[in-house]
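Notes follow the structure.
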Amino acid sequence: MAKDFPTREENYSQWYNDLVIKADLAESSAVRGCMVIKPYGYSIWEKMQAALDKMFKETGHQNAYFPLFIPKSFFNREANHVEGFAKECAVVTHYRLKNSPDGKGIEVDEDAKLEEELIVRPTSETIIWDTYKKWIQSYRDLPILINQWANVVRWEMRTRLFLRTTEFLWQEGHTAHETKEEAIKETEQMLNIYAEFAENWMAIPVLKGTKSPNERFAGAIETYCIEALMQDGKALQAGTSHFLGQNFAKAFDVKFLSKENKLEYVWATSWGVSTRLMGAIIMAHSDDKGLVLPPKLAPIQVAIVPIYRKEEQLEQITEKVKPIIEALTKRGIRVKYDDRNTYKPGWKFSEYEFKGVPVRMAIGPRDLENNTVEIARRDTLEKDILQITDIDLKIEHLLEKIQDNLYQKALSFREDNTFKVDTWDEFKKVVEKGGFILAHWDGTAETEQKIKDETKATIRAIPLNEYFEEGKCILTGKPSKQRVYFAKAY
RNA sequence: CGGGAUGUGGCGCAGUUGGUUAGCGUGCUGGUCUGGGGGACCAGAGGCCGUGAGUUCGAGUCUCACCAUCCCGACCA
């Protein structure tokens, strides 16, 4: 399977591409820019979905489903929104095929042209707000707290597995509120849920902040984001939560009668994370030996490999292993007992290592004599011989330790790669090294653009309630009241 | 859409100034020995050499066109 693949040092992006394919997470498909998510990769996504879905429901949200297709006219309603998405929309123009005259193939039936073209959703604000209009008359209909799990299509010019694909899977929350305050609170709440998920489940520390106008969601008043730092020093936007103000309510004429019997526009939010999180998880933790998965999201947490020569030895081992599997399963630990005799132990070791399984347990004749097992942890590659007594407890603790270690490692990496910078020369130098740069900015879009043009670094986040201090813009020297995070980004 | 590269068994590649039977590694099938870090040997299966047109006695190899993929830019979660 994956004998030689490049180190991160040699070629980071090749390393990433090979990892995704050789760890069996996904592959590219016959359709340009679209990927097939393979069972092992999809299983990780399902774990993410389950955890997030639970968090959404715990905060009062419900799931629903809206159409894949959006009438073209809906897009015109919100000016910024159209402008933001127009360049990357797939459009359905016909609804029928016919046999071609030469009889050799099939072609679009020009007689079956749609009167109004349909846009394949790049995001669902428009169709949802058109629907909410029907649902909302009174303050008693509010709030509406809905999430949908869906696929969306954005016609990107360059794609990379998980990080940027033409079609991707995500969840999009769309909420409607009586007041501005309530909507902002919702936006912030969801940002915090994303951050909590990233840190507790994915073991990735994230910065929380808002976006500069340049980076803001098309149609939003304010975009909040979580940003993570990858091992190559580039930032990855891992989730966004938007305060939409009354922009969509006005565009789709969604009003409600308040308690004071006044007709008012509804306040809105939307928020989403996508299969891009898969890219984050891969790049944050993995090493030159392959994938490293945080235990909480690993499809297999413990792989058990029997070592034997004769059939009867395997039987003995299996008998020994049975109660271990049972005890682990009881604790909610996902175990795979790999007794395939079509592969050798060494081969299995490599495979589980490459696929990032957090803990490997090997058990052979020597262990049977001593009542032990060999435990290897993926994050540190350490091996240990443990007594079988209370092995389930020991492994449970080990998994927690691995989860924690991955987070701490990622955190100290970020700390080591975050720099306060006060001069333009230094800024240009540090940008080359990668990492986050905390620097002053004069708050204008022009300056941000210039910085981007010269260094490729953009403002990743404007910190929330942090780094308020008098300073001078890194580029223009104009006064600034707060440092912001710059980085090159995915 | 610009610049660069590549299309040859499933995957990764070699194939000389055109020359007849297109190889190698890996994977695959069967077998024997094996088994605590990707095992060894034996025997097999598997190719319209990206597509189309041309040059030639003869094309994987030369010419042209097209298609596809990858990398670098402009666009983006």
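This is a predicted model, so every value here is computed, not measured. By convention in this document, chain letters (A, B, ...) are assigned in the order of the sequence lines, proteins followed by strands, and residues within each chain are numbered from 1.
Taking atom NZ of residue K488(A) and atom C1' of nucleotide rG73(B), one finds them 14 Å apart after rounding to whole Å. One can place CD of E167(A) at 15 Å from C1' of rA77(B), the figure rounded to the nearest angstrom. Look at NZ on K22(A): it is 13 Å from C1' on rG27(B), rounded to the nearest Å. Between K348(A) atom NZ and rG35(B) atom P the separation is 15 Å, expressed in whole Å. With rounding to whole Å, K344(A) atom NZ is found 11 Å from rU34(B) atom P. Look at CZ on F162(A): it is 15 Å from C1' on rA77(B), rounded to the nearest Å. Atom C1' of nucleotide rG38(B) and atom CZ of R340(A) are separated by 13 Å, given to the nearest angstrom. Atom C1' of nucleotide rU32(B) and atom CZ of R309(A) are separated by 17 Å, given to the nearest angstrom.
Of the candidate nucleotides rC75(B), rA77(B), rC71(B), rC71(B) has the atom nearest to the side chain of N17(A). Of the candidate nucleotides rG37(B), rA77(B), rG73(B), rG37(B) has the atom lying nearest to any side-chain atom of S350(A). Here the nucleotide nearest the side chain of I307(A), chosen from rA77(B), rC28(B), rG36(B), is rG36(B). Of the listed nucleotides (rG38(B), rG35(B), rA77(B)), rG38(B) has the atom at the smallest distance from the side chain of E351(A). The side chain of R32(A) sits closest to rU69(B) out of rA77(B), rU69(B), rG36(B). Closest to the side chain of M157(A), out of rC75(B), rG73(B), rG36(B), is rC75(B). If you check rG37(B), rU69(B), rA77(B) against the side chain of F349(A), the one that comes closest is rG37(B). For W347(A), the side-chain atoms get nearest to rG38(B) when compared with the rest of rG38(B), rG36(B), rG35(B).
With sequence neighbours left out, I21(A) forms a side-chain contact (heavy atoms from CB on, under 4.5 Å) with L161(A). Remark: A90(A) pairs with V120(A), V153(A), W155(A) by the side-chain contact (heavy atoms from CB on, under 4.5 Å) rule, at least two apart or across chains. Residues that satisfy the side-chain contact (heavy atoms from CB on, under 4.5 Å) test with E196(A), not counting sequence neighbours, are M55(A), N200(A).
With both ends at atom P, the span from rC62(B) to rG30(B) equals 41 Å, rounded to whole Å. For the C1' atoms, the distance linking rU6(B) with rG60(B) amounts to 15 Å, nearest Å. Taking the C1' atom of each, rG12(B) and rC75(B) are spaced 33 Å apart, rounded to whole Å. Atom name C1', nucleotides rA22(B) and rG46(B): the rounded distance is 14 Å, in whole Å. Taking the C1' atom of each, rG7(B) and rU61(B) are spaced 14 Å apart, rounded to whole Å. The gap from the P atom of rU26(B) to that of rA65(B) amounts to 40 Å, rounded to the nearest Å. rA59(B) and rG25(B) have their P atoms separated by 29 Å, with the value rounded to a whole Å. Between rG23(B) and rG44(B), the distance separating the two P atoms is 15 Å to the nearest Å.
Projected onto RNA chain B by closest heavy-atom contact, A489(A) and K310(A) fall at different nucleotides, the more 5' of which corresponds to K310(A). The residue among R160(A) and F217(A) whose nearest nucleotide of RNA chain B is located toward the 5' end is R160(A).
Residue K456(A) places no side-chain atom within donor-acceptor reach of the base of rG73(B), judged by atom type and a 3.5 Å distance cut-off alone. For a distance-only test at 3.5 Å, the side chain of N341(A) fails to qualify as a donor-acceptor partner of the base of rG35(B).
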Can you run through RNA chain B from 5' to 3' and write each base as (, ), [, ], | or . depending on how it pairs? Watson-Crick or G-U wobble, both distances under 3.5 Å.
-> (((((((..((((.....[...)))).((((((.....)))))).....(((((..]....))))))))))))....
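The pair E351(A)-R340(A) meets the salt-bridge criterion, with a side-chain N (NZ, NE, NH1 or NH2) lying under 4.0 Å from an Asp/Glu carboxylate O. Look at E319(A) and K322(A) and you find a salt bridge, because one of the NZ, NE, NH1 or NH2 atoms lies within 4.0 Å of a carboxylate O, short of that distance. With salt bridges taken as basic N to acidic carboxylate O contacts below 4.0 Å, none links E353(A) and R378(A).
When the options Y224(A), F243(A), F85(A) are evaluated for a ring-ring contact (aromatic ring centres under 6.0 Å, His included) with F217(A), the one that passes is F85(A).
For residues 25-38 of chain A, the pairs satisfying side chain to side chain donor-acceptor pair (under 3.5 Å) are D24(A)-K38(A), with sequence neighbours left out. Each salt bridge (Lys or Arg N to Asp or Glu O under 4.0 Å) pair with one or both residues in residues 226-241 of chain A, not counting sequence neighbours, appears once here: K211(A)-E227(A), E227(A)-R460(A).
Side-chain N/O atoms of K289(A) include none lying less than 4.0 angstrom from OP1 or OP2 on rG37(B).
Using a 4.0 Å heavy-atom cutoff across all strands shown, F168(A) reaches at least one base atom of the nucleic acid. Among the atoms of the strands shown, base atoms are found under 4.0 Å from some heavy atom of L163(A). In this structure, T223(A) reaches neither bases nor backbone, as no heavy-atom distance under 4.0 Å exists between it and the strands shown.
Note that R414(A) lies outside the cation-pi zone of F436(A), set by a 6.0 Å cut-off to the ring centre and a 45° limit from the axis.
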